[in-house]
There are 2 protein chains.
Amino acid sequence: MTTIKDVAKYAEVSVATVSRVLNDRGYASAEARRRVLDAIEELNYQPNSVARSLYHKTSGMIGLFMPDITNPFFPELARAVEDVALEAGYTVVFCNTDEEEAKEKRYFDALKQKYVDGIILTASSQSASDYAQWDMPIVALDRVIGKHIPTVASDNKNGARQATIHLAERGCSFIAHLKGPAGVRPADDRAAGFEEVVKEKGLRSVVVQTNFSIKEAEQETLKLLADHPDIDGIFAASDVTAAGAMQALAQTGRSVPGDVKVIGFDGIPLCNMLVPSLTTVQQSIYQMGEKAAQLLIQQIEHGESESREHIFPVSLIIRETT
Amino acid sequence: MTTIKDVAKYAEVSVATVSRVLNDRGYASAEARRRVLDAIEELNYQPNSVARSLYHKTSGMIGLFMPDITNPFFPELARAVEDVALEAGYTVVFCNTDEEEAKEKRYFDALKQKYVDGIILTASSQSASDYAQWDMPIVALDRVIGKHIPTVASDNKNGARQATIHLAERGCSFIAHLKGPAGVRPADDRAAGFEEVVKEKGLRSVVVQTNFSIKEAEQETLKLLADHPDIDGIFAASDVTAAGAMQALAQTGRSVPGDVKVIGFDGIPLCNMLVPSLTTVQQSIYQMGEKAAQLLIQQIEHGESESREHIFPVSLIIRETT
DNA sequence: TTGAAAGCGCTAACAC
DNA sequence: GTGTTAGCGCTTTCAA
């Protein structure tokens, strides 16, 4: 490995001079500059970023904390973050937290010791506690985790309202909501939006809670249909959950959208792969990831970011299930 | 930030002693040890890994290069890698390469300067060239990239054989293969397995090439069906492609599996979400990721790994599309 | 305009 | 057993 010393020797200048031309800081005569540049070229020198980190206490790395990359909502988000990071010269450290605070903490400690510059956090639910004390640039993604932390999220409540209204307009009069996990903010917001519209329109309704897994959604839907055979609309808190519901519907011999209309939430690619294709509330997933990364980098490089909450609008995408 | 010096001062010993008890190396009296431990506790000291990296020229990080996390085959792989890495005390740097050699190279340079300890590589197709010269522990995942590099992959050819035989046994006599991108090794192997069986059994067949995107698969299938209306079986090179084919089939009013039987490859969660659910050749995705990470870490910590190729068996999962 | 040298936090000879 | 010290590779005063 060739170091700055090698370059200095080769160029017959001091390491200080090499450092100066490397960073375009301070003086360096045209002559010296040329010799250094030549030496760098010749020796194929690349500055060692660990040494730089040690001095500057920054690393050019950002941490990306998400519950589980295996949940199809997250890959696109991750991709967006990574794209922006790469462009800005950062590198992304990838951390699946499984919503466990312990894992989050563990990763945080590890990353802090590596001088990670900031973190994008799709936080675990319960721990709204002490991210502020983490003392590091943080941006919350998809989930609001506190007043002092910049947040990027969708307008979940409004999306849920649109979904429910849509179902009602399509003639549904008894609508079930497959709610996401308790304590997860977007799930709660969606449920709230649903309840609002149901009340406003005086619809019959029922809410059951599921996690975001397809299998559980299927089971819960089966139970639901047994208890309430006259349900004619389902608003699922995620597209995956909706897919589970559709399985249950097919199993019990119901046609979609004939007997029961279904709408999901998220707008992941899955929607188009289902037959019938799934009506959903589309989030601007990639853009949210982008925005989060931009906010974080801005915060890292220029200190505090101006605004705190970035709520992205959602849009109803009508497909075959309604 | 509290450093080793602070600890030394507080414990009234030298930094060397602190370092010794920290790393359990060399001597330290019970008394000294106790005082140091107390000081660490008291000051909430955490060793700085950047400083350690600078000395040891290692970082406790591994790079994970994959084409695109957005392709549903990869998240589970990534998850497995990350799980093993975390367990072993490593941290994963996440790199989407888009199959572009330039991006790969760029990332590689960046990571090398950070003293990344090794790389797991789902390589871009064309560049079988010079990974060996990268001079860093590498494990190839999903794609074979050269004799000298340990590889973890599925038995693609055999899986394709099983798929094709299965279609034949189900009575298909004119089978189309939606092949993956040219030059991507697994795609070629699957096509080869398909061709073999087709020849052995004297079946009518046709092969068209697609990338792994659903939209293109749908278009290509439509064309295919127009040219060869009597196709009665489709072997898709991936589950996503299969989903595309199913869309086309539905559009042209064909029933699955009645008119045309369909089989995919990969075994991603999508299979169970489709209606009808998709028969596929199941890869041991998580296990492959695990294995790759284990091999890499072993290589990092104990030098060369024993065996070079780890080919995982695949299994036919029969569902409703056949 | 340049170079010597201190220091970022930690490790490991080496001397005591 | 323990402490002193010279690095790891880079940046930045500060004096020349």
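Note on naming: letters A, B, ... go to the chains in the order of the sequence lines (proteins, then strands), and numbering restarts at 1 for each one.
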Mind jotting down which residue pairs meet the ring-ring contact (aromatic ring centres under 6.0 Å, His included) criterion with at least one end in residues 72-100 of chain B? Sequence neighbours excluded, please. A:F94-B:F94

For DNA chain C, which nucleotides open and close the run of contacts to chain A, 5' to 3', at under 4.0 angstrom from a non-hydrogen atom? C:dT1 to C:dG9

Set of salt bridge (Lys or Arg N to Asp or Glu O under 4.0 Å) partners for B:R25, sequence neighbours left out: none

For residues 39-59 of chain B, which residue pairs qualify under salt bridge (charged side-chain N to carboxylate O under 4.0 Å, His left out), counting only residues two or more places apart or in two chains? none

For B:D117, which residues count as a salt bridge (Lys or Arg N to Asp or Glu O under 4.0 Å) partner, sequence neighbours excluded? none

Rounded distance [0.5 Å steps], CG in A:N156 versus CZ in A:F312: 13.0 Å

Within residues 33-61 of chain A, residues whose heavy atoms come under 4.0 Å of DNA chain C: A:L54, A:Y55, A:K57

In whole angstroms, the gap separating P of D:dC8 from CD of B:Q113 amounts to 18 Å

Taking B:D109 as the fixed residue, which of B:Q113, B:R106, B:K105, B:K112 is the one that meets the side-chain hydrogen bond (donor to acceptor under 3.5 Å, both in side chains) rule? B:K105

Side chains of B:Y107 and B:V93, heavy atoms from C-beta outward: is any pair under 4.5 Å? no

DNA chain C-proximal residues of residues 13-32 of chain A, any heavy atom under 4.0 Å: A:V13, A:S14, A:A16, A:T17, A:R20, A:Y27, A:A28, A:S29, A:A32

Residue pairs involving residues 59-80 of chain B (criterion salt bridge (charged side-chain N to carboxylate O under 4.0 Å, His left out); sequence neighbours excluded): A:D68-B:R79, A:R79-B:D68, A:D98-B:R79, B:R79-B:D83

Whole angstrom value for the distance that separates P of D:dT2 from CD of B:E12: 13 Å

Show which side-chain atoms of residues 4-12 of chain A pair as donor or acceptor with protein atoms under 3.5 Å away, not counting sequence neighbours.
| from | atom 1 | to | atom 2 | distance (Å) |
| --- | --- | --- | --- | --- |
| A:D6 | OD2 | A:T3 | N | 2.8 |

When the distance from NZ of B:K5 to P of D:dG3 is rounded to whole Å, what number comes out? 15 Å

How bent is the helix from C:dT1-D:dA16 to C:dC16-D:dG1, comparing axes over its five end pairs at each side, to the nearest 10°? 50°

ring-ring contact (aromatic ring centres under 6.0 Å, His included) partners of residues 13-56 of chain B, not counting sequence neighbours, each pair once: none

Cationic N near anionic O, under 4.0 Å, A:R33 to A:D24: yes

Looking at CD1 of B:I69 and CD1 of A:I69, how far apart are the two atoms once the value is rounded to the nearest 0.5 Å? 4.5 Å

Across all chains, not counting sequence neighbours, the ring pair (Phe, Tyr, Trp, His ring centres under 6.0 Å) partners of B:Y115 are none

